[in-house]
Structure formats: structure tokens, C-alpha cells
Amino acid sequence: MAEQKVRWGILATGGIAATFTADLVDLPDAEVVAVASRSREPAEAFAERFGIERAYGDWASLARDEDVDVVYVATPHTAHRAAAGICLEAGRNVLCEKPFTLNVREAEELVALARGNGRFLMEAMWMYCNPLIRRMKALVDDGAIGEVRSVQADFGLAGPFPPSHRLRDPELGGGSLLDLGVYPVSFAQLLLGEPSDVVARAQLSPEGVDLQTGALLSYDSGALASVHCSIVGGTATSASVTGSEGRIDLPYGFFFPDRFVLHRDGREAEEFTADPADGPRASLRHEAAEVMRALRAGETESPLVPLDGTLAVMRTLDAIRDRIGVRYPGEGVVDDSAEPVATPA
Ligand SMILES: NC(=O)c1ccc[n+]([C@@H]2O[C@H](COP(=O)([O-])OP(=O)(O)OC[C@H]3O[C@@H](n4cnc5c(N)ncnc54)[C@H](OP(=O)(O)O)[C@@H]3O)[C@@H](O)[C@H]2O)c1
């Protein structure tokens, strides 16, 4: 594989599948060779739009395609377990959209499948592959702000999203937490690891998905992370990391930053900006490049987006959902022992 292009298969033909496929064009060593949809027509239309050789009207045919090195799974989250599972079972490597799965049980099943089959698997947490996020993390690890004491991050969209939208549909894992809250939670985890406790409140929709959720994550070190997500309000979508000797502020779009500011106690603020050579700030090319680097190196997990980290994020998302009383169809009833903390709209 070292000399050849990495051959991608795209599974699903929606919004992010199109964005990802378009961004792969920026990587000369990538090639999209096949696409699969739940039916033939959208697959063929997608193949024609992007000049893709093979179009399949079912997922299993793509999974069996020996000329596909890695499949990008871009269905709604409720189908990630099934779609990624079919591919891993057939021997394909997989990059799976965020949130990785609906809950940690499904995530553990996928991780076990990949590790059991020796296949590469990674959550498409593109934030972790962003060059400026990596720079910020390196600064924090080098002690630029001392010991991390707190993290704040939010992601909210104004919408409005009608009840028919994927984000409002319980059958598609709707709500703000899984779709948007996964970014603030993953950001907090990058800096502080897995929390030891979680408290949360939410405003629920009549259909039972969370319109907005606020959560406080606490850590054994005494650190705290405050995360907020919303599909009923366009929040600042910013983040800050405060340490014993300073602070780092990431303005709007913290998970795909084009700049951040380092405030060290007693020093002038320093601004760090993205390298123009890294391409458009919203490009998904960095996560794709990380997958291809790992495949070429014979790695089955990415050190930038490790599977144990993905499992920890899923545990935190499950814990928050437990506190706010959100369960999706097929997941069973809300745990009676959980405190009824959610406030229906
Ligand atoms: N990384 C990012 O920045 C980013 C941005 C947006 C979304 N996402 C994630 O990507 C995933 C897809 O989001 P999207 O915005 O692309 O959604 P979308 O536009 O609704 O597309 C999802 C696609 O999945 C297939 N699909 C729809 N309903 C399905 C079902 N019930 N079961 C199986 N497949 C179904 C459809 O493709 P076919 O008709 O071809 O089967 C549909 O076009 C979500 O998990 C979301 O959280 C990530």
C-alpha cells in the first residue's frame, strides 16, 4: 500500500458524505472507487456527481469489495453500528462518523469486532486531527498554562429544525447532545480525560430528544468541565481551557479553529493562527490523511483518535443521557434509579 493510492468506499450519500468525498480531492494519494446507498438510484447519482467507478444499492456489496481499502460510514448515528459492523466483518477498514454509535454498548461491539479482525477503525472526530487543535494540545502538554483546572466549550445551532428533521427524530438518534455535544465533550476529554462524575440538565422536545443540554463534568484532580449544546440557539461555539498559570481561548468554531489565543500569567497574549498550507479551516482532509497514514504504517488504531478515547466519550454521553432521561427507540426504559433532572419543553 505504501506506493499505491488508498482506495476509499463511501457508505451513504447524504450531506457529510458529499463534503468528505469532495475534500478527498485535496489528497493526491486518495481515490474514491465505490459508493453504497440503501438503494441503487442515490448511489448512481452520487457516483456520477463525483466520478466514482462503482455504485452499489446495498451496503453488503461495498463491504465485500476487495478493491476498497477503507470505508467511510456516513449514515445517521443509529445506523453506524450496523453499517460499520458489516464492513468490519467483511474485512474492510472503517472510518465512522461521529457520534461513533448511539451508545457505549454498540461502540464496544464495533471495537471488539475491529480488534478481533485486526482491522483499522477510527471515529471521524476530525477536531482531534486539526493541526491547530494539535498545536494547542502540545502547548498544554508542555505546561504553557500550568495544570489544567477547567474547560468550557459549547456548540449550538439556531435552527429552527422542524420535527421532521434528523436532529429532531428519535428514530435517527436526534437531539443536540449526540450530534453537537459530542464536540464539547470530546474537547474536554482531550484536555482532562474521562470524568469521574457527571451532572446534567436538559430541555426536551415533545418527541423526547434534547433541544439543549448543559453538563458539568468533574474529575478526580478537582478539575471541572462545563459543556453546553443546543439545536434551539446559535451559541458562541467557543471554548476555553484555564490552567494554574494561564488560559487558552478558542473563538467561534473552536473544533475547527483558524486561530487561538494563549494568555500566560504576567505575559503579553500570543495569537496562534492556522497555516494557509493546511487548507480551508472546515476541510475534513486532515482526518482522511490520518487514516491513510495509519493504514500505510500498518496501524489498526490512530494515536490521534484512539478507540479507548472514543469509548470513554461514549460512556460520558451515555452518563449525560442517563441524567437527562433521553432514551432512543430500542434502548429500553429510562433507569428508574436516575434522578429526574430533565425539564420537558
Ligand atoms: N463530521 C462532521 O462535521 C459532520 C457533519 C454533519 C454530520 N455528521 C455526522 O454524519 C452522519 C450523517 O449526517 P448527515 O448530515 O450527512 O445526514 P444526512 O444528510 O441526513 O445523510 C445521511 C445519509 O444516510 C442515509 N440514511 C438516511 N436515513 C437512514 C437510515 N434510517 N438508516 C440508514 N441510512 C440512512 C442516507 O443515504 P442513502 O440514501 O444513500 O442510504 C442519507 O443521505 C451523522 O452521524 C452526523 O452526526 C458529521
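Whatever order the structure lists ligands and atoms in, that order sets their numbers, starting from 1.
Taking the side chain as every heavy atom from C-beta outward, Q189 and Y128 approach each other to under 4.5 Å. Here the side chains of R259 and L250 are not in contact, with every heavy-atom distance at 4.5 Å or above. Counting heavy atoms from C-beta on, the side chains of W126 and F256 come closer than 4.5 Å.
When hydrogens are left out, the protein atom nearest atom 19 (O) of ligand 1 is G15 N, 2.9 Å; that is the closest non-hydrogen contact. Among protein heavy atoms, atom 21 (O) of ligand 1 sits closest to G14 CA, 3.2 Å. Among protein heavy atoms, atom 45 (O) of ligand 1 sits closest to H77 ND1, 2.9 Å. With hydrogens left out, the protein atom closest to atom 16 (O) of ligand 1 is I16 N, 2.9 Å, a heavy atom. Looking at atom 39 (O) of ligand 1, its nearest protein heavy atom turns out to be R38 NH2, 3.2 Å. Nearest to atom 38 (P) of ligand 1 among the protein's heavy atoms is S37 OG, 3.1 Å. Ranking protein heavy atoms by distance to atom 47 (O) of ligand 1, first place goes to K98 O, 2.9 Å. Nearest protein neighbour of atom 24 (O) of ligand 1, counting heavy atoms only, is P76 CD, 3.1 Å.
Using a 4.0 Å heavy-atom cutoff, L172 is listed among the residues neighbouring ligand 1. Put simply, part of P99 is less than 4.0 Å from ligand 1, judged by heavy atoms. Ligand 1 lies less than 4.0 angstrom from a heavy atom belonging to Y183. Taking a 4.0 Å cut-off on heavy atoms, Y72 fails to register as neighbouring ligand 1.
A salt bridge is absent between R166 and E171: the closest approach of a Lys/Arg side-chain nitrogen to an acidic carboxylate oxygen does not fall below 4.0 angstrom. At a threshold of 4.0 Å, the pair D142-R264 does not count as salt-bridged, since none of the basic side-chain nitrogens sits closer than that to a carboxylate oxygen. Comment: E331 does not engage R105 in a salt bridge, judged by the lack of any side-chain N to carboxylate O separation of less than 4.0 angstrom. Between D322 and R327, at least one side-chain nitrogen of the basic residue sits less than 4.0 Å from a carboxylate oxygen of the acidic one, meeting the salt-bridge criterion. A salt bridge is absent between D29 and R293; no separation between the charged side-chain nitrogens and carboxylate oxygens falls under 4.0 Å. Between D65 and R7, no side-chain nitrogen of the basic residue sits less than 4.0 Å from a carboxylate oxygen of the acidic one, so the salt-bridge criterion is not met.
With a 4.0 Å cut-off on non-hydrogen atoms, E97 touches ligand 1 through its side chain and not its backbone. Under 4.0 angstrom from ligand 1, there are no non-hydrogen atoms of F46. The parts of T13 lying near ligand 1 are both backbone and side chain, judged by heavy-atom distances below 4.0 Å. The side chain of R166, and not its backbone, has at least one atom closer than 4.0 Å to an atom of ligand 1 (non-hydrogen atoms only; side chain from C-beta on). Contact annotation: for A74 versus ligand 1, heavy atoms closer than 4.0 Å belong to the backbone alone. The proximity of A12 to ligand 1, defined as any non-hydrogen pair under 4.0 Å, involves the side chain as well as the backbone. Under 4.0 Å from ligand 1, not a single heavy atom of F255 appears.
Within ligand 1, the atoms closer than 4.0 Å to a non-hydrogen atom of H80 are 45 (O), numbered from 1 in the order shown. Each of the following atoms of ligand 1 lies closer than 4.0 Å to a heavy atom of W126: 1 (N), 2 (C), 3 (O). For ligand 1, the atoms closer than 4.0 angstrom to any heavy atom of T75 are 11 (C), 12 (C), 24 (O), 34 (N), 44 (C), 45 (O). Atoms of ligand 1 found under 4.0 Å from any heavy atom of A79 (numbered from 1 in listed order, with element): 32 (N), 33 (C). Close approach of ligand 1 to D179 (heavy-atom distance below 4.0 Å) involves ligand atoms 47 (O).
Side chains of S205 and E207: a donor-acceptor N/O pair is present below 3.5 angstrom, by distance only.
Within a 6.0 Å sphere centred on CG of D220, heavy atoms belonging to other residues, nucleotides or ligands number 12 at most. Dense packing is recorded around CZ of R119, with more than 12 heavy atoms of other residues, nucleotides or ligands lying under 6.0 Å away. Residue E268 qualifies as open at atom CD: its count of foreign heavy atoms under 6.0 Å is 12 or below.
Nearest heavy atoms, T75 versus A79: OG1-CB, 3.4 Å.
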